Amino acid sequence: MSTPAAQPENTMEAIVSLAKRRGFVFQSSEIYGGLNGFFDYGPLGVELKKNIRDCWWNDMVRRRDDVVGIETSIIMHPKVWEASGHVAGFSDPLVDCKVSKNRYRADQLFWSPVVVDGNVVGYVSALESEKTAEELQAAAESLKRKKAIQGTLAPVVAKDFTEASAEQVSLIPSPATGNPDLTPPRSFNMMFQTNVGAMTDASSVAYLRPETAQGMFVDFKNVLDSNRVKLPFGIAQIGKSFRNEITPRNFIFRSREFEQMEMEYFIHEDADWDKCHKEWIEWCRQWLLSIGLPESHLSLYAHPKEKLAFYSRGTVDIMFKYPFGVQELWGIAARGSYDLTQHANASGKPQEVFDEASKNKFVPHVIEPAVGVDRIFLAVLAAGYAEEDVTDEKGNVEKRTVLRLSPRIAPVKVAILPLLKNKELLTNRAKALYTKLKRNYAVQYDDGGAIGKRYRRQDEAGTPWCVTIDFDTIEKPGDTFTLRERDSMKQTRVTETELFALLAEQVY
RNA sequence: GCGGCUGUAGUUUAGUGGUAAAACCUCUGCCUUCCAAGCAGGUGUCGAGGGUUCGAUUCCCUCCAGCCGCACCA
């Protein structure tokens with residue numbers, strides 16, 4: 001008997017605690033006080049993470065005829081990041097209000113001089129919104145009234161804060177306080193810098209990649225010329241990326257070192273990109289369902305046109321309902337020919353393909369599904385974590401903590417348990433089965449303590465099945481075991497052949 | 001990066017200006033015929049550094065980390 005899956009109020013706390021207790025995730029460098037935004041994956045965590053990667057790689061690369069894989073270096077030529085726009089675009093100038101401690105993006109903070117009869121009598125400011133101009137105008141009129149100035153007020157001219165001179169910076173009021181409390185715009189670059197070679201000078205500056213995607217673009221021609229691929233086709237990569245986030249938050253959701261699984265799907269410039277985009281969105285959604293994320297937690301968010309980067313034709317995020325809110329999980333972007341064109345211009349090497357039909361050369365367009373391994377990792381923990389009230393035969397109610405992970409990604413597929421530790425007939429049969437299974441699957445052998453305790457231990461690790469070798473196994477004909485299923489706690493008897501068949505079907 | 005709160009065992013928590021405690025977990029042994037049983041035993045430098053004090057886990061300062069809010073998230 002058990003209640004339906006229930007999640008506690010503070011699910012994140014419970015997940016972080018379980019992650020540490022069972023060896024999924026540890027804080028990086030913990031014995032030195034920890035390091036903000038970095039994490040280590042323990043014995044169970046590394047298995048789960050590897051399974052997520054392997055499922056993606058198998059489904060995205062090996063099981064498709066139109067996608068190939070690559071692995072590119074983490075440190076690339078610095079010009080890659082100039083061409084991609086990251087050197088400029090990753091450093092948003094920010095403005096602080098010294099009094100209110102608010103922080104604004106300089107390009108989202110607007111201001112205008114207040115001009116009466118041709119004379120500047122003050123400044124007004126407003127944050128970017130649909131009514132920025134109206135707000136500025138109203139503030140200007142209010143300022144004129146307050147200062148009791150006679151004359152004709154000129155219409156305000158909204159400029160953003162990057163266009164303010166040093167003198168104007170010292171006069172423009174903060175939106176928070178109404179007084180000139182703002183700092184000049186300051187740059188924050190999110191790319192980690194390092195130096196290549198032992199000499200440290202300006203010419204040796206390099207960056208840890210902030211995304212894996214540029215590797216696919218830079219190697220586009222290499223792959224095209226070496227692998228008998230033709231459009232449409234994709235290049236996929238799994239690897240670490242690094243972003244110097246201002247504030248890492250929410251456990252492994254936003255960290256400074258993270259792992260991406262990205263694929264660039266190159267299509268003809270005349271292809272129906274919208275159809276292709278939609279197909280990839282659905283492919284990604286189905287894939288998330290295939291590793292056990294519940295449909296109820298998934299939603300789509302289309303970036304509004306006016307918020308898109310100028311080169312983007314459309315970006316749709318698959319959102320996931322995390323315990324701390326609905327957040328981005330998988331971004332599927334239609335990037336046009338922007339990246340290949342940028343690299344062609346910056347390198348002087350054309351990034352074109354030849355169209356046999358029209359005898360013309362053209363730069364392919366690209367659809368990019370990009371997802372974070374760590375975000376999927378957190379999503380499956382969050383969706384799978386449950387605390388149930390279990391009633392035993394005597395009517396006692398106890399809490400059962402269970403991690404409902406899909407067999408595809410569960411760190412341990414099967415636990416092999418001899419019913420009793422001190423009966424050699426049982427342990428010998430159990431060990432034989434264990435030896436046979438571990439050739440193909442991640443399995444655990446556990447003979448410690450009472451059988452119920454071992455079941456619960458596996459529940460917390462997310463192991464979908466336990467196999468118990470009991471007296472029926474050795475005394476009755478048929479050589480059958482008890483198969484105990486994690487979610488229902490139901491028990492059935494299976495033969496070794498049936499067990500292997502079950503695994504072959506469920507673990508792929 | 002700012003503000004508020006917090007930091008005692010792997011986890012969840014007691015406690016004190018006089019060199020720290022419980023439960024659970026974990027490990028070892030015994031026992032155990034299906035859902036965290038029992039018995040015996042093992043494992044702990046109060047986040048780090050400095051200051052005040054005869055003496056600091058406790059009071060003060062700095063730093064680090066975590067949570068919440070703001071801002072940020074190409």
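Keep in mind it's a predicted model, so treat the numbers as computed, not measured. A, B, ... follow the sequence lines: proteins, then strands. Residue 1 opens every chain.
One donor-acceptor pair, N or O on each side, does fall under 3.5 Å between the base of B:rC34 and the side chain of A:T482. A donor and an acceptor atom sit less than 3.5 Å apart, one in the side chain of A:R484 and one in the base of B:rC35. At a cut-off of 3.5 angstrom, counting only N and O atoms as typed in the model, there is a donor on one side and an acceptor on the other between the side-chain of A:R249 and the base of B:rG69.
Applying the Watson-Crick and G-U wobble criteria (two distances, each under 3.5 Å), B:rU16 pairs with nothing in any strand. Checking B:rG1 for Watson-Crick or G-U wobble geometry (two distances, each under 3.5 Å) identifies B:rC70 as its partner. B:rC46 makes up no base pair with any nucleotide shown, lacking Watson-Crick or G-U wobble contacts both under 3.5 Å.
For the P atoms, the distance linking B:rU16 with B:rU58 amounts to 14 Å, nearest Å. Separating the C1' atom of B:rC34 from that of B:rU45 is a span of 43 Å, rounded to the nearest Å.
Spacing between atom CZ of A:R457 and atom P of B:rC25 amounts to 9 Å, rounded to whole angstrom units.
Candidate nucleotides B:rU32, B:rC68, B:rC34 were compared by shortest atom distance to the side chain of A:Y455, and B:rC34 ranks first. Listed nucleotides B:rA37, B:rU11, B:rA74 differ in distance to A:E211; the shortest reach to its side chain belongs to B:rA74. Listed nucleotides: B:rC34, B:rG66, B:rU11. Nearest to the side chain of A:L419: B:rC34.
Taking only side-chain nitrogens and oxygens, A:K453 comes nearer than 4.0 Å to OP1 or OP2 of B:rU26. For A:Q491, no side-chain nitrogen or oxygen approaches OP1 or OP2 of B:rC35 to under 4.0 Å.
Under the 3.5 Å distance criterion, with hydrogens and angles disregarded, no donor-acceptor pair is assigned to the side chains of A:Y322 and A:T11. Side-chain N/O atoms of A:T427 and A:E424 include no donor and acceptor closer than 3.5 Å.
Looking at A:K20 and A:E30, a side-chain N of the basic residue comes within less than 4.0 Å of a carboxylate O on the acidic one, giving a salt bridge.
Between A:Y41 and A:F24, the ring center distance fails the sub-6.0 Å criterion.
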